[in-house]
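Below, chain A is the first sequence line, B the second, and so on; all start at residue 1.
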Protein chains: 2
Amino acid sequence: MLRIAKLTDYATGLMTQMAHQPERWVSAQQLAVELSLPAPTVARLLKLLGRAGLVVSQRGKGGGYGLARPAREISVAEVIAAIEGPVALTECALGDGRCSLERDCATRANWRVINQAVQVALEAVSLADMAAPRLRPVQFSSLHHQPRKV
Amino acid sequence: MLRIAKLTDYATGLMTQMAHQPERWVSAQQLAVELSLPAPTVARLLKLLGRAGLVVSQRGKGGGYGLARPAREISVAEVIAAIEGPVALTECALGDGRCSLERDCATRANWRVINQAVQVALEAVSLADMAAPRLRPVQFSSLHHQPRKV
DNA sequence: ACTAAATAGTACTTATTCGATCCCATATAA
DNA sequence: TTATATGGGATCGAATAAGTACTATTTAGT
Ligand code: FES
Ligand code: FES
């Protein structure tokens, strides 16, 4: 189904929620309650996001998390990458071409191009877009393939 | 890491291989040997692809599989959909909005847009492209993110 | 008619990943 | 000093993916 992991979905939800309330230092507990997610999972995710540099944290009483940058400057691609690692639709797409089954491995080069296309699509959407009531349909004018019947 | 399933990777390999040799009726056995994949798995995949209408089959001696349409008219998006189902990065992206946690579920609408963006990116690449020695970098001229008002 | 070769369909088992939880250390405001 | 919060890691069960096995059906050739 070309799914992102559920944890990644949670993470985007957390980030979007933080984008809504720019008052610094929202606690993991509070976010868990607001999104009805298991608290330990939320805590773990925020740690990951912190390590990736997407959120900043303040320890101790009254502490919590906040977006490291303005919501407009954080893309969903970054959030996904923070949780699942870089976009790599296939195993061989990231280098170490161990599987030299294909003729000269043109396949790998082609997958790289596809990866980049998806990457660009995900970079085009920021957290501010996600927090907005409705994301404007992405403008894909030149990328049109002929419509296909089901 | 935003991976497609390994089986899906196999499937695209199978389709690409068939695009290389347009002589009809390549057997599952032969494809398994050519791609160094386990034969039963290849057989199962080809059945799925057949059910999806992407390959046609001929039973009996001398039979096998072949592309249902010219390679240029089959996109990788279709192959992925045949194995993994429709592109749905998140659970709620496809309807049945059970999780009404978000405010009016703007999130779902936004994920739909992202899904479509990825979908279009995958539709832009055909099997003929994959079979070609090198895929032309996808033309993403119009997909630039521009600041917008709220 | 018989046989070999191939797909069609399904059920089963194993491996891997995902998701959730727990524990303890560290920092900080009150 | 204490309550509260993050930082880091280890662990466990569930869900999913991947591989395997078996039987039935179709078809070309002899
Ligand atoms: S490196 Fe993956 S197909 Fe060649
Ligand atoms: S339906 Fe999924 S977030 Fe609302």
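- Under the 3.5 Å distance criterion, the side-chain polar atoms of A/Glu123 are left unmatched by any main-chain donor or acceptor of A/Ala77.
- Using a 4.0 Å heavy-atom criterion, one finds that A/Arg44 contacts the bases of the nucleic acid, with or without backbone contacts as well.
- If you measure from atom CG of B/Leu14 to atom P of C/dT7, you get 12 Å, rounded to the nearest angstrom.
- Regarding contacts with the backbone of C/dA6, every side-chain N or O of B/Ser57 stays at 4.0 angstrom or more from both OP1 and OP2.
- B/Gly50 comes within 4.0 angstrom of nothing in the nucleic acid, heavy atoms only.
- Put simply, the side chain of A/Leu7 reaches to within 4.5 Å of the side chain of A/Arg44, judged on heavy atoms.
- A/Ala43 comes within 4.0 angstrom of nothing in the nucleic acid, heavy atoms only.
- The main-chain N or O of B/Leu31 is never found under 3.5 Å from a side-chain atom of B/Gln17 such that the two would form a donor-acceptor pair.
- When distances are taken from the side chain of B/Lys6 to each of D/dT20, C/dA20, D/dA18, the shortest belongs to D/dA18.
- Rounded to whole angstrom, the span from the CG atom of B/Leu37 across to the C1' atom of D/dT20 amounts to 15 Å.
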Between the protein and nucleotides 23-28 of chain C, list the N/O to N/O atom pairs that are separated by less than 3.5 angstrom.
unit_1, atom_1, unit_2, atom_2, d
C/dT26, O2, A/Arg59, NH1, 3.1
C/dA27, O4', A/Arg59, NH1, 2.8
C/dT28, O2, A/Lys61, N, 3.4

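- A/Ser27 comes within 4.0 angstrom of sugar-phosphate atoms only, judged by non-hydrogen atoms across all strands, and of no base.
- Whole-Å rounding puts the B/Met18 CE to C/dT7 C1' distance at 13 Å.
- Neither OP1 nor OP2 of C/dC18 sits under 4.0 Å from any side-chain N or O of A/Tyr10.
- Distance alone, capped at 3.5 Å, is enough to place a donor-acceptor pair between the A/Glu78 side chain and the A/Ser75 backbone.
- Between A/Leu7 and B/Gln29, it is B/Gln29 whose nearest contact on DNA chain C lies nearer the 5' terminus.
- For the pair B/Leu48 CG and C/dA8 C1', the computed distance is 11 Å after rounding to whole Å.
- The side-chain heavy atoms of A/Thr12 and B/Thr90, taken from C-beta on, include no pair separated by under 4.5 Å.
- Looking at A/Tyr65 and A/Lys47, their side chains come closer than 4.5 Å, going by heavy atoms from C-beta outward.
- The side-chain heavy atoms of A/Trp111 and A/Leu89, taken from C-beta on, include a pair separated by under 4.5 Å.
- For A/Arg51, whose side chain is taken as the heavy atoms from C-beta onward, the closest listed nucleotide among D/dT20, C/dA20, D/dG9 is D/dG9.
- Regarding A/Leu45, its CG atom lies at a distance of 16 Å from the P atom of D/dG9, rounded to whole Å.
- Looking at heavy-atom distances under 4.0 Å, A/Pro40 makes contact with a base.
- Between A/Leu2 and B/Gln119, every side-chain heavy-atom pair lies at or beyond the 4.5 Å cut-off.
- The CD1-P distance, from B/Ile4 to C/dT17, rounds to 16 Å in whole Å.
- B/Gln30 has its CD atom 15 Å from the C1' atom of C/dT7, to the nearest Å.
- At whole-Å resolution of the value, CG in B/Leu46 and P in D/dG19 are 14 Å apart.
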